Protein chains: 2
Amino acid sequence: MKTTSRKAEIIAEASQLFKEKGYSAVTVRDIAEAMGIKAASLYNHIEGKQEILSILILDLAKEFIKGMEDILKMKISPLQKIEKLIELHIDITVNQSEALAALNNDWMHMGADDVHHFVAMREAYEENFRNIIKEGISLGQLQPRHPEVILFSILSTLRTLYVWYQKRGKLDVNILKRDMVAVLIRGIV
Amino acid sequence: MKTTSRKAEIIAEASQLFKEKGYSAVTVRDIAEAMGIKAASLYNHIEGKQEILSILILDLAKEFIKGMEDILKMKISPLQKIEKLIELHIDITVNQSEALAALNNDWMHMGADDVHHFVAMREAYEENFRNIIKEGISLGQLQPRHPEVILFSILSTLRTLYVWYQKRGKLDVNILKRDMVAVLIRGIV
DNA sequence: GAACAAAACTAACACTTGTTAGTTTAATTT
DNA sequence: AAATTAAACTAACAAGTGTTAGTTTTGTTC
């Protein structure tokens, strides 16, 4: 009964180091040491340092794409879709904060093909999000602000939630969702 | 008439590279090449690679501290102070986006002393911001949400504005301020 | 034009980097 | 017990790293 493959363990360990210091500042010897083995031993399991990064980032990006697709299918209002998206981000943050750090900060250090793939996915995701916002505005459900400003202020908050989430004492996920939705949608006044 | 010292030019060039690839992925040879000189020549002007990073980050941090002090002195309501803070961040973003990237992503690569100094300044800044929010809540001017959630969602939006600001076509600063204040304070509904 | 300072250069250093090749040990299956 | 596979090891590589020392070029001041 293998619970987690050795490769998965390496990726998990590496992702923590990447989160702390960034991909470029972490050496394969750092990763090996964190696992209690020698650097060369890693290469029985992985193709190279870059592969770890690509797996982390692309798998997570696919998860976002999948979450977006599910929400788009729902028969709910644009505003409710935005609420669902906020919850999606929070759920992912809570149990994938390391990969999220890599996705945010180190995507440009993947190989050229993977960078292209990633950027395409990110743009598709943002375009879907933007369309939901536009729909909400034209239905009169959202304020008629520049959609880009709305998109950006929601997304940047959600994307960097991982920085902040475990600095404070990991408050309850449901409370976090409730307050986050309230602040992002209804503002603070 | 020396407009900018050679050292300042190096720092300016380096900051652009740091923004694109992160501090650790940029070599001193990259910086030298960007200036059309050899790596060793840099050392006539700077103490080392880390010094560039520290100057970038600590100078900018001081600018934030200074801006916060000025706002705290003003005889205006907590809500108006928050508006001023939003404008402060936008002003800094518009003409210091490279240093802002370093401050956000690479502060942990400074020397230990500078890291300490930086973290202390950041915590002081956040504490001041938090107190303004708390005051706003107790005056009934702001919604009674968890102050930490409010602080975080405003700050993370402002801190990552630099990523987004020049991706889109550098819209007018005053329009940006107006919409940003509106979205962050009054929400989107 | 001599003297001086600023800023570039060449050459090299000691160390770190990701990775490969070949081998040995440990764990599992037959 | 033999055979097989998984996973570690040692040793080394070629390239890249930040930095130093000493020298030459460039530009300015007397």
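Remember, it's a predicted structure, so these values are computed and weren't measured experimentally. Below, chains carry the letters A, B, ... as their sequence lines are ordered, and counting in each starts from 1.
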Practice item. Quick one: which residue pairs count as a salt bridge (Lys or Arg N to Asp or Glu O under 4.0 Å) with a foot in residues 20-33 of chain A, not counting sequence neighbours? Key: Lys21(A)-Asp30(A)
**Study point:** Whole-Å distance separating the CZ atom of Arg6(B) from the C1' atom of dA8(C)
**Key:** 9 Å
Study note, to complete from the structure: Rounded to whole Å, NE2 of His45(B) lies from P of dA5(C) at a distance of 16 Å
Point to revise | Pairs touching residues 179-189 of chain B that satisfy salt bridge (Lys or Arg N to Asp or Glu O under 4.0 Å), sequence neighbours left out | key: none
Exercise for review: Determine, for Tyr23(B) and Lys49(B), whether the Lys NZ or Arg CZ falls below 6.0 Å from the six-membered ring centre while staying within 45 degrees of the axis.
Suggested key: yes
Check your understanding: Applying salt bridge (Lys or Arg N to Asp or Glu O under 4.0 Å), which residue pairs with at least one partner in residues 119-129 of chain A are found, sequence neighbours left out?
Key -> Glu126(A)-Arg159(A), Glu126(A)-Arg168(B), Glu127(A)-Arg130(A)
Review point. Atom CD of Glu51(A) and atom C1' of dT19(C): how far apart are they, to the nearest Å?
Key: 14 Å
Check your understanding: Taking atom P of dG18(C) as reference, at what distance in whole Å does atom CG of Leu17(A) sit?
Key -> 12 Å
Exercise for review: Send over the distance from Ile31(A) CD1 to dT17(C) P, rounded to a whole Å.
Suggested key: 11 Å
Review point. What is the distance from CD1 of Ile10(A) to C1' of dG18(C), rounded to the nearest Å?
Key: 15 Å
Practice item. Whole angstrom is fine here: how far is it from CD1 in Ile46(B) over to C1' in dA6(C)? Key: 16 Å
Point to revise | Ile37(A) CD1 to dT10(D) C1', straight-line distance once rounded to whole Å | key: 14 Å
Practice item. List the protein contact pattern of nucleotides 14-22 of chain D with one symbol per nucleotide (5' to 3'): B for base contact, S for sugar-phosphate-only contact, - for none; contact means a heavy-atom distance under 4.0 Å. Key: ---BBBBB-
Review point. Pairs in or reaching into residues 170-189 of chain B: which pass ring pair (Phe, Tyr, Trp, His ring centres under 6.0 Å), with residues at least two apart or in two chains?
Key: none
Exercise for review: Please determine if a side-chain N or O atom of Ser41(B) lies less than 4.0 Å away from the OP1 or OP2 oxygen of dA7(C).
Suggested key: no
**Study point:** Residues that Leu72(A) engages under side chain to side chain contact (heavy atoms under 4.5 Å, CB included), provided they are two or more places apart
**Key:** Met68(A), Asn128(A), Ile132(A)
